[in-house]
Protein chains: 2
Amino acid sequence: MYTCILQVIVVVWSMKIESSSAPRSLCPLSKALELIGDKWSLVIVRDMCLGKKRYGDFQQSPEGIPTNILADRLKKLEEHGIIGKRSYQQKPVRYEYFLTPKGADLLPVMQQLIIWMKKYDPDCWTPPEGFYDATPESLLQAYSEIE
Amino acid sequence: MYTCILQVIVVVWSMKIESSSAPRSLCPLSKALELIGDKWSLVIVRDMCLGKKRYGDFQQSPEGIPTNILADRLKKLEEHGIIGKRSYQQKPVRYEYFLTPKGADLLPVMQQLIIWMKKYDPDCWTPPEGFYDATPESLLQAYSEIE
DNA sequence: GATTGTCGCTTGTCTTTTGCAAGCGAGTAG
DNA sequence: CTACTCGCTTGCAAAAGACAAGCGACAATC
């Protein structure tokens, strides 16, 4: 009897711990929003499109992302395969971040968001030259040229 | 002296009350995320694209949006001109919601999000026939055909 | 005509997330 | 030895979110 109750508790707990909980639905829009539907994730991806790589780079963006949120988002974006990291020095070991193909493929989403916002809020900034012409492939190309 | 302090308090308060606070930056992506960068807003817009109009319709979506969040988002989306509402009955007065041109123009954003998610998570649902071919204009057209 | 039910919310309460500031460890520079 | 940088982590208060219950204005039913 009590054993049974304990088992239920354990199961409920393990459900909370393992695999970041079940999706709300299998709708692709809803699932996408569960991954990147917040105010900061795409700002970080934007910065990476613009060539930023390091923790300090992201911190210096004009939006002023809180440092604990930045650390959390970098971890989640990596868990979801949107970004990757590699160490750029030992002693102490430090990492720089880069877009994976999955992350680069978010470019069309951001382009559409920007087109939409520019249309209804003309005061906001104009993206850098060639931004609308960029493709996920051209972003990844930029990485391979560096190495 | 005390008058001065009171003035300061009034100014700070009025800054909080008027116009929903200053944007983090004028970057169009960042501003767009401040409007619709959350897990629920685009789910509601999606439902409206699919022809849902009423509070109860939105509640019945498979994601199960909490009712207070739904009320809050409908209010905010209306404040930002993304949706509108009109009464469909008196006694008691009840409203139904519809996409404005600004709201309908979010369709390309959602289409790109869905393309992205389908590419990296093939298990999720396939959108209804003709979804990718729809345009903001065709969504608004649907409204005018009803009346 | 009292009761039950529906619709579109609002309210209360608790939990989670966010924002801000401070701290910290492993180094380098002076 | 002290000061400083970088990339975080920790602590805490405030805001937002989730869940359940309630509510007002009616329509339908008993």
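Below, chain A is the first sequence line, B the second, and so on; all start at residue 1. Note that the coordinates shown come from a computational prediction; the quantities given were computed from them, not determined experimentally.
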- Joint cluster assignment, B:Phe98 & B:Val43, ILVMFWY side-chain distance < 4.5 Å: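 Linked within one cluster.
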- side chain to side chain contact (heavy atoms under 4.5 Å, CB included) assessment of A:Asp123 paired with B:Leu26: CA-CA 8 Å; A:Asp123 288 344; B:Leu26 292 181; 5.7 Å; no
- Residues forming a salt bridge (Lys or Arg N to Asp or Glu O under 4.0 Å) with B:Asp38, sequence neighbours excluded: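 B:Asp38 satisfies salt bridge (Lys or Arg N to Asp or Glu O under 4.0 Å) with B:Arg73 only.
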- Item | Contacts of A:Asp57 that satisfy salt bridge (Lys or Arg N to Asp or Glu O under 4.0 Å) - sequence neighbours left out |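 If we apply the salt bridge (Lys or Arg N to Asp or Glu O under 4.0 Å) test to A:Asp57, skipping adjacent residues, there are no hits.
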Using nucleotides 3-7 of chain C, report all nitrogen or oxygen pairs with the protein that are shorter than 3.5 Å.
unit_1: C:dC7; atom_1: O2; unit_2: B:Arg94; atom_2: NH2; d: 2.6

- Atom of A:Pro128, atom of A:Leu50 and distance for their closest heavy-atom approach: CG-CD2, 3.9 Å
- Message: Could you measure the distance from the SG atom of B:Cys27 to the CZ atom of A:Arg46? Nearest 0.5 Å is fine.
- Response: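 So the SG of B:Cys27 and the CZ of A:Arg46 are separated by 4.0 Å.
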For a quick test of your reading: what N or O donor-acceptor pairs under 3.5 Å do the side chains of residues 100-115 of chain B make, sequence neighbours left out?
unit_1: B:Thr100; atom_1: OG1; unit_2: B:Gly81; atom_2: O; d: 2.6
unit_1: B:Thr100; atom_1: OG1; unit_2: B:Ile82; atom_2: O; d: 2.9
unit_1: B:Thr100; atom_1: OG1; unit_2: B:Lys102; atom_2: N; d: 3.4
unit_1: B:Thr100; atom_1: OG1; unit_2: B:Gly103; atom_2: N; d: 3.2
unit_1: B:Lys102; atom_1: NZ; unit_2: B:His80; atom_2: O; d: 2.9
unit_1: B:Asp105; atom_1: OD2; unit_2: A:Lys119; atom_2: NZ; d: 2.7
unit_1: B:Asp105; atom_1: OD2; unit_2: A:Tyr120; atom_2: OH; d: 2.4
unit_1: B:Gln111; atom_1: NE2; unit_2: B:Phe131; atom_2: O; d: 3.0
unit_1: B:Gln111; atom_1: NE2; unit_2: B:Tyr132; atom_2: O; d: 3.4
unit_1: B:Gln111; atom_1: NE2; unit_2: B:Ala134; atom_2: O; d: 3.1

- Query: Stepwise, does the side chain to side chain contact (heavy atoms under 4.5 Å, CB included) test hold for B:Lys85 with B:Leu74?
  - Reply: CA-CA 9 Å; B:Lys85 69 178 176 186; B:Leu74 288 171; over 6 Å; no
Can you tell me the distance, in whole Å, between the [atom1] atom of [X] and the [atom2] atom of [N]?
{"X": "A:Gln89", "N": "C:dG27", "atom1": "CD", "atom2": "C1'", "value": "8 Å"}
{"X": "B:Lys53", "N": "C:dG8", "atom1": "NZ", "atom2": "C1'", "value": "17 Å"}
{"X": "A:Arg73", "N": "D:dG7", "atom1": "CZ", "atom2": "C1'", "value": "18 Å"}
{"X": "A:Ile44", "N": "D:dC8", "atom1": "CD1", "atom2": "P", "value": "12 Å"}
{"X": "A:Asp38", "N": "C:dT18", "atom1": "CG", "atom2": "C1'", "value": "11 Å"}
{"X": "B:Lys85", "N": "C:dG8", "atom1": "NZ", "atom2": "P", "value": "12 Å"}
{"X": "B:Tyr97", "N": "C:dG8", "atom1": "OH", "atom2": "C1'", "value": "8 Å"}
{"X": "B:Leu70", "N": "D:dA16", "atom1": "CG", "atom2": "P", "value": "18 Å"}

- Given B:Tyr97 and B:Phe58, is the side chain to side chain contact (heavy atoms under 4.5 Å, CB included) satisfied, shown in steps? CA-CA 10 Å; B:Tyr97 300 89; B:Phe58 304 127; 4.0 Å; yes
- Item | Worked check of side chain to side chain contact (heavy atoms under 4.5 Å, CB included) between A:Trp40 and A:Val45 | CA-CA 9 Å; A:Trp40 290 112; A:Val45 174; over 6 Å; no
Find every protein N or O atom lying less than 3.5 Å from an N or O atom of nucleotides 19-21 of chain C, and list the pairs.
unit_1: C:dG19; atom_1: OP2; unit_2: A:Trp40; atom_2: NE1; d: 2.9
unit_1: C:dG19; atom_1: N7; unit_2: A:Asn68; atom_2: ND2; d: 3.2
unit_1: C:dG19; atom_1: O6; unit_2: A:Asn68; atom_2: ND2; d: 3.3
unit_1: C:dC20; atom_1: N4; unit_2: A:Asn68; atom_2: OD1; d: 3.4
unit_1: C:dC20; atom_1: N4; unit_2: A:Asn68; atom_2: ND2; d: 2.8

- Message: Report for the helix from C:dG1-D:dC30 to C:dG30-D:dC1: angle between first-end and last-end helix axes, five pairs each, rounded to 10 degrees.
- Response: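 The two end axes of the helix from C:dG1-D:dC30 to C:dG30-D:dC1 meet at 10°.
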- Query: In terms of side-chain heavy atoms, does B:Lys52 have a donor or acceptor partner in B:Ser61 at a distance below 3.5 Å?
  - Reply: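 On atom types as modelled, these side chains qualify, holding a pair under 3.5 Å.
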